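Since the model is a prediction, treat every value here as computed from it, not as a measurement.
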Amino acid sequence: QKLVGLLNIPAVDNPPVVIMIHGFRANKTYYPWFDNIQIALLKQNIAVLRFDFHAHGESEGDSMEYTLKACAEDLAAALKFIKTQNIDKTNIGIFGTSAATIAIGYNGIKGIKTVALYDPVVLASHWQNWFNRKYADEFKEKGYMTHKPKLDQRTYKFGKKLYDEVQKGDFEKSIKNITCPTLIIYGAENLSDEEIERTNTLFKNSEIIYYLRMSHYALTSERSEEH
């Protein structure tokens, strides 16, 4: 299936590159602040690749078949693609938000120099509590959950594969694979202090930055959405 992305390369030879990856139910242009980060990176002669995970944005794929683990395959494809371009293949970084962290964990960091994260949502218990609170009845009645983002043309239907993956919760263990230097920035309103502490223990080589308590969706069109 085809993945769709946006690649911007500055007019220099072999620049470093940052791959920017979105969270669950978002897309490559969902976050206005991704634009600001891209502008800042390009001014520093750093290339930027943004892409849509499968079944999100403009990329192909059936959302009923979507899983968090399969996003790692998408990331691997993006890494393979970027290495065919005019960039420094030894200087690749990743910036991800929310569930994108899980794709990095499942993929591992081979070929990745550094990682930066905003509000990583990786705890199995957090996902389980969220799904059971908001979507359990819909899954029970329909066999899927629906979501219509404000800035997307799709109505997403996520199926039993994702529900079962969340209930099993194995993805949390994958975070130990992120061993490169990692910067973590928390808005943290959707995570308790205990959850933040537990999340931090999963990373082996990280620097943590806390902001004032701010919604997970504060910088998106879904500002009022509860996670």
Side-chain angles (χ1 to χ4, degrees), residues 1-7 17-31 34 37 48-83 92-124 126-128 130-131 147 149 152 156 158-159 161-186 191 199 202-206 216 220 227:
Q1 59 192 15
K2 181 176 69 175
L3 301 179
V4 177
L6 299 171
L7 174 62
V17 63
V18 171
I19 301 174
M20 301 180 69
I21 51 178
H22 64 78
F24 176 53
R25 307 179 308 180
N27 59 65
K28 63 185 179 300
T29 57
Y30 175 76
Y31 312 97
F34 266 33
I37 293 174
V48 178
L49 172 65
R50 293 192 267 176
F51 72 94
D52 294 323
F53 283 121
H54 69 285
H56 285 69
E58 296 179 289
S59 289
E60 295 177 347
D62 181 357
S63 60
M64 289 289 286
E65 299 296 314
Y66 172 89
T67 65
L68 298 167
K69 190 170 186 177
C71 289
E73 299 175 13
D74 300 341
L75 177 56
L79 284 163
K80 183 177 180 180
F81 165 77
I82 200 62
K83 290 177 181 178
I92 299 173
I94 295 182
F95 177 82
T97 184
S98 192
T101 312
I102 296 170
I104 303 169
Y106 272 131
N107 181 77
I109 59 164
K110 185 177 180 181
I112 299 171
K113 188 172 184 179
T114 188
V115 169
L117 302 168
Y118 173 71
D119 255 9
V121 181
V122 298
L123 297 178
H126 185 92
W127 280 86
Q128 290 159 2
W130 177 41
F131 267 44
H147 177 69
D152 200 328
Y156 293 96
F158 295 100
K161 284 187 176 182
L162 177 61
Y163 186 82
D164 289 346
E165 182 181 36
V166 166
Q167 299 307 318
K168 193 172 182 181
D170 285 348
F171 50 82
E172 183 177 318
K173 301 174 185 176
S174 74
I175 305 306
K176 70 179 185 299
N177 296 324
I178 305 176
T179 56
C180 64
T182 303
L183 173 68
I184 305 175
I185 303 168
Y186 286 105
L191 296 174
T199 299
L202 299 175
F203 295 90
K204 304 303 181 186
N205 189 12
S206 62
H216 189 66
T220 77
H227 186 205

Would you call Ile92 and Ile82 a side-chain contact if the rule is heavy atoms closer than 4.5 Å? yes
Does a donor on one side chain sit under 3.5 Å from an acceptor on the other, for Asn27 and Thr29? yes
Should the ring pair His22 and His56 be called parallel, tilted or perpendicular, given that the plane angle runs from 0 to 90° and is split at 30 and 60? tilted
To the nearest 0.5 angstrom, please state how far the CG atom of Leu162 sits from the CE atom of Met64. 10.5 Å
For residues Tyr66 and His54, establish whether the separation of their ring centroids is below 6.0 Å. yes
If you round to the nearest 0.5 Å, how far is SG of Cys71 from CD1 of Ile104? 11.0 Å
Before you tell me yes or no, could you show the steps for Ser98 and Asp119 under side-chain contact (heavy atoms from CB on, under 4.5 Å), namely the whole-Å CA-CA distance, both residues' side-chain angles and the distance that decides it to 0.1 Å? CA-CA 5 Å; Ser98 192; Asp119 255 9; 5.7 Å; no
What I want to find out is whether Lys69 reaches Glu165 closely enough, with some N-O distance under 4.0 Å, to be called a salt bridge. no
In the structure I gave you, are the side-chain heavy atoms of Pro120 and Tyr186 within less than 4.5 Å of one another anywhere? yes
On a heavy-atom basis, the closest approach of Phe53 and Ala103 is CZ-CB, 4.0 Å
Taking the side chain as C-beta and beyond, is there a heavy-atom pair between Ile109 and Asn177 under 4.5 Å? no
Below 4.5 Å, heavy atoms only, C-beta onward: do Phe203 and Thr101 meet side chain to side chain? yes
CZ/Phe34 to CG/Leu6 distance, rounded to the nearest 0.5 angstrom? 11.5 Å
Using modelled atom types and a 3.5 Å cut-off, is there a donor and acceptor pairing between side-chain atoms of Glu60 and backbone atoms of Gln1? no
Which heavy atom in Phe171 sits nearest to a heavy atom in Ser174, and how many Å separate them? O-OG, 2.7 Å
Non-hydrogen side-chain atoms of Leu202 and Val122 separated by less than 4.5 Å: yes
Please check: side-chain N/O of Ser59 versus main-chain N/O of Gly57, any donor-acceptor pairing under 3.5 Å? no
Calculate, to the nearest 0.5 Å, the distance between atoms CD1 and CD1 belonging to Ile112 and Ile19 respectively. 7.0 Å
Below 4.0 angstrom, N of the basic side chain to O of the carboxylate: do Lys28 and Glu58 qualify? yes
Kindly say whether Asp170 contributes a backbone atom to a donor-acceptor pair with the side chain of Lys173 at under 3.5 angstrom? no
Tell me whether Thr114 contacts the main-chain N or O of Gly93 through its side chain, where contact means a donor paired with an acceptor under 3.5 Å. no
With a 3.5 Å distance limit and no angle check, can you tell me whether Tyr31 reaches the backbone of Gly23 through a side-chain donor-acceptor pair? yes
Taking C-beta and beyond as the side chain, do Glu73 and Tyr106 meet within less than 4.5 Å on heavy atoms? no
Counting distance only, does the side-chain N/O of Gln167 pair as donor-acceptor with the main-chain N or O of Gln128 below 3.5 Å? no
Are side-chain heavy atoms of Asp74 and Leu3 found at a separation under 4.5 Å? yes
May I have the step-by-step check of side-chain contact (heavy atoms from CB on, under 4.5 Å) for Thr199 and Val121, ending in yes or no? CA-CA 8 Å; Thr199 299; Val121 181; over 6 Å; no
Taking the side chain as every heavy atom from C-beta outward, state whether Phe51 and Ile21 have any atom pair closer than 4.5 Å. yes
CD1 (Ile102) and CG (Asn107) are apart, to the nearest 0.5 Å, by 13.5 Å
Fit a plane to each ring of Phe24 and Trp127, take the angle between them on a 0 to 90° scale, and name the class: parallel (under 30°), tilted (30 to 60°) or perpendicular (over 60°). tilted
Could you walk me through whether Leu49 and Phe81 pass side-chain contact (heavy atoms from CB on, under 4.5 Å), step by step? CA-CA 10 Å; Leu49 172 65; Phe81 165 77; 4.2 Å; yes
Glu172 side chain to Leu123 backbone, donor-acceptor under 3.5 Å: no
Distance check, rounded to the nearest 0.5 Å: Leu117 atom CG versus Ile94 atom CD1? 9.0 Å
